[in-house]
Amino acid sequence: MLDTNLLRTTLDDTAKKLDARGFSLEKKYFVKLINERGLIRTETQNLEETRNKISRKIGQLSMAGDESGQEEAKSLKSKMKGLHKELSEIKARLDIIEHELQVFLEQIPNLPHSTVPTGNENKEVRNWEIKKIATPLNFAIKDHVSIGEDLGLLDFSTATKISGARFSLMVDGLARLHRALGQFMLDTHTQEHGYTETYVPYLVNADSLYGTGQLPKFEEDLFKIDQKKNDSVENKNEKGSQEENFYLIPTAEVPLINTARNEIFSLDSLPVKLTALTPCFRSEAGSYGKDTRGLIRQHQFEKVELVQLVHPEKSYDALEQLIGHAEKILQKLELPYRVVLLSSKDMGFAAAKTYDIEVWLPAQNTYREISSCSNCEAFQARRMKARFRNESGKTELLHTLNGSGLAVGRCLVAILENYQNSDGSVSIPKVLHPYMGGITQLSAKK
RNA sequence: GGAGAGAUGGCCGAGUGGUCGAAGGCGCUCCCCUGCUAAGGGAGUAUAGGCCUUAUAAGCUUAUCGAGGGUUCGAAUCCCUCUCUCUCCGCCA
């Protein structure tokens with residue numbers, strides 16, 4: 001959510017920035033709402049003030065207990081009737097307008113940072129291709145699906161039987177490699193990059209998703225669990241049956257960032273750096289036909305998430321560090337990648353600036369996204385009232401950052417394809433050997 | 001799932017219809033006193049808004065005592081619904 005003060009004072013400029021994101025701001029509507037709210041709010045508060053004063057007077061009079069006082073109290077009470085009517089009417093109007101303003105504000109995306117390229121041309125900022133250049137694959141390259149299936153370690157048809165499309169089943173060495181990857185990433189981030197390992201809920205409430213910006217705009221991307229309470233009673237008590245909704249997390253960013261919701265951090269507790277390895281669930285509505293083959297786009301996948309809650313002045317330094325932490329994983333795995341600065345049209349809703357890391361997939365002869373690291377500035381913090389006490393003791397909104405470090409499933413794809421051998425086997429990257437219990441190569445399952 | 005008890009400021013805890021945003025204590029901050037292994041005294045110490053102001057401070061003011069609704073001239077206090085926490089029983093990884 002954007003700062004209403006900023007919107008008000010720099011409306012044209014803000015609208016222009018939003019334009020770069022492909023979002024057109026209804027300026028007139030906003031001005032109308034904000035002015036109307038101001039007037040009605042002042043009026044409401046004046047009425048409330050009058051009400052409170054009269055009430056206090058009545059209290060004093062009835063405490064005093066003398067007769068003329070009682071008379072006066074009576075007349076004051078009758079006077080209150082009209083005031084009440086007026087107040088309830090104006091409060092109803094205020095509720096409506098505040099709701100309209102809220103709805104208006106919560107669908108506006110974040111403003112792009114000044115360094116973000118305008119338009120839809122992403123910009124490569126660096127690449128790391130040592131292995132790609134040093135050891136080219138001089139044989140018929142297979143994609144990860146063929147590699148996995150030929151080895152008997154990857155089984156989509158059984159996964160389809162169990163669940164449906166966009167699910168996968170891995171067995172034996174591949175399942176272990178998958179587990180090893182997650183452990184390796186977590187260990188690296190906790191031991192070398194200073195993140196605190198966190199175990200989080202995979203089901204979250206609507207407030208949390210609102211805080212990070214998935215709701216209300218992107219509900220169709222989420223898996224929702226409707227839980228009817230008192231279902232068995234079957235409307236015996238109508239008031240008692242109430243819905244409680246959970247959503248499956250689309251990323252650990254949601255629970256991790258929401259640890260800060262409605263909190264005020266002390267200055268010396270910053271930065272907060274959290275990491276978690278979790279499954280992520282995405283409905284992938286509207287992505288029919290895209291990436292239908294393989295592990296690239298699944299309803300369920302594992303991801304190690306990195307989150308930082310930082311002082312606003314340090315958030316862009318933190319972003320550079322964060323992307324470095326994610327890159328480190330690929331470097332250790334010796335997987336070729338490049339870093340791309342997303343353009344204004346390509347960024348996510350809550351982000352002010354985003355770097356994607358794209359890993360080299362030889363079978364597709366292209367780079368594919370494996371990590372996305374964003375600085376959301378105060379956009380999420382404002383939605384969820386995540387604050388800290390600044391140098392002068394005042395509360396101020398935090399800046400929030402998140403990034404994948406990395407998507408485990410896609411990383412597995414990259415290893416299968418980049419580490420494949422001409423005989424169909426797959427070598428295990430050296431850093432993972434300690435996690436593989438002596439296995440250094442994936443071969444056909446007996 | 002059954003039975004009961006609760007939810008108040010950073011923490012503990014008082015407050016059952018009026019001047020209560022809220023006693024007292026702890027903690028914390030600042031000041032003073034004292035000057036050795038400590039203690040004492042004073043002041044301050046929720047959040048988000050609005051008005052005023054060039055702006056800050058001050059001042060005035062609105063909302064918030066788990067959440068929402070209701071009763072009332074007036075609600076932390078009474079009523080209803082929900083959420084959460086705790087205790088006991090049952091069940092369970």
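Convention: sequence-line order gives letters A, B, ...; per-chain numbering from 1.
Using a 4.0 Å cut-off between charged nitrogen and carboxylate oxygen, A:Lys332 and A:Glu192 count as a salt-bridge pair. By the 4.0 Å N-to-carboxylate-O rule, A:Arg93 lies too far from A:Glu89 to be salt-bridged with it. A salt bridge links A:Arg297 to A:Glu284: one of the charged nitrogens lies within less than 4.0 Å of a carboxylate oxygen.
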**Complete:** Going 5' to 3' through nucleotides 59-69 of chain B and flagging B where a protein heavy-atom sits under 4.0 Å of the base, S where only the sugar-phosphate is that close, and - otherwise, we get --SSS------
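Nearer the 5' end of RNA chain B, as judged by each residue's closest nucleotide, is the contact made by A:Gly38, out of A:Gly38 and A:Met80. Along RNA chain B, the nucleotide closest to A:Lys394 and the one closest to A:Asn5 are compared, and the more 5′ of them pairs with A:Asn5.
At the heavy-atom level, A:Thr395 lies under 4.0 Å from the strands shown only through sugar-phosphate atoms. Contacts of A:Arg389 with the nucleic acid, taken as non-hydrogen atoms under 4.0 Å apart, involve only primed sugar atoms and P, OP1 or OP2. Counting non-hydrogen atoms under 4.0 angstrom, A:Ile58 reaches a base of the nucleic acid.
Base pairing analysis places B:A48 opposite B:U62; the two distances defining the Watson-Crick or G-U wobble pair are each below 3.5 Å. Base pairing of B:U37 is not made with any nucleotide, judged by Watson-Crick or G-U wobble geometry with both donor-acceptor distances under 3.5 Å. Of the nucleotides present, none pairs with B:U53 by Watson-Crick or G-U wobble criteria with both distances under 3.5 Å. With both pairing distances under 3.5 Å, B:C11 is matched to B:G25 as a Watson-Crick or G-U wobble pair. As the counterpart of B:C86, B:G4 is assigned, both hydrogen-bonding distances of the Watson-Crick or G-U wobble pattern falling under 3.5 Å. For B:C20, there is no paired base (Watson-Crick or G-U wobble, both distances below 3.5 Å).
For the pair A:Glu72 CD and B:C73 C1', the interatomic distance rounds to 13 Å; values are reported in whole Å. When rounded to the nearest whole Å, the span between CG of A:Leu83 and P of B:U72 equals 15 Å. The CG-C1' distance, from A:Leu101 to B:A48, rounds to 15 Å in whole Å.
Between B:U47, B:U19, B:G49, one nucleotide has an atom nearer to the side chain of A:Gln60 than all others, and that is B:U19.
When each of A:Thr275, A:Val408, A:Leu277 is checked for a side-chain contact (heavy atoms from CB on, under 4.5 Å) with A:Met185, only A:Val408 meets the rule.
Between B:G66 and B:U77, the distance separating the two P atoms is 8 Å to the nearest Å. For the C1' atoms, the distance from B:G4 to B:G50 is 45 Å, rounded to whole Å. Of the C1' atoms belonging to B:U54 and B:C12, the separation is 46 Å, rounded to the nearest Å.
Put simply, A:His84 has no side-chain N or O that comes within less than 4.0 Å of OP1 or OP2 on B:U72.
Between A:Phe281 and A:His299, a ring centre-to-centre spacing not shorter than 6.0 Å is recorded. Ring-centre distance between A:Phe349 and A:Phe379: below the 6.0 Å cut-off. Residues A:His325 and A:Tyr195 place their aromatic rings such that the two centres sit under 6.0 Å apart.
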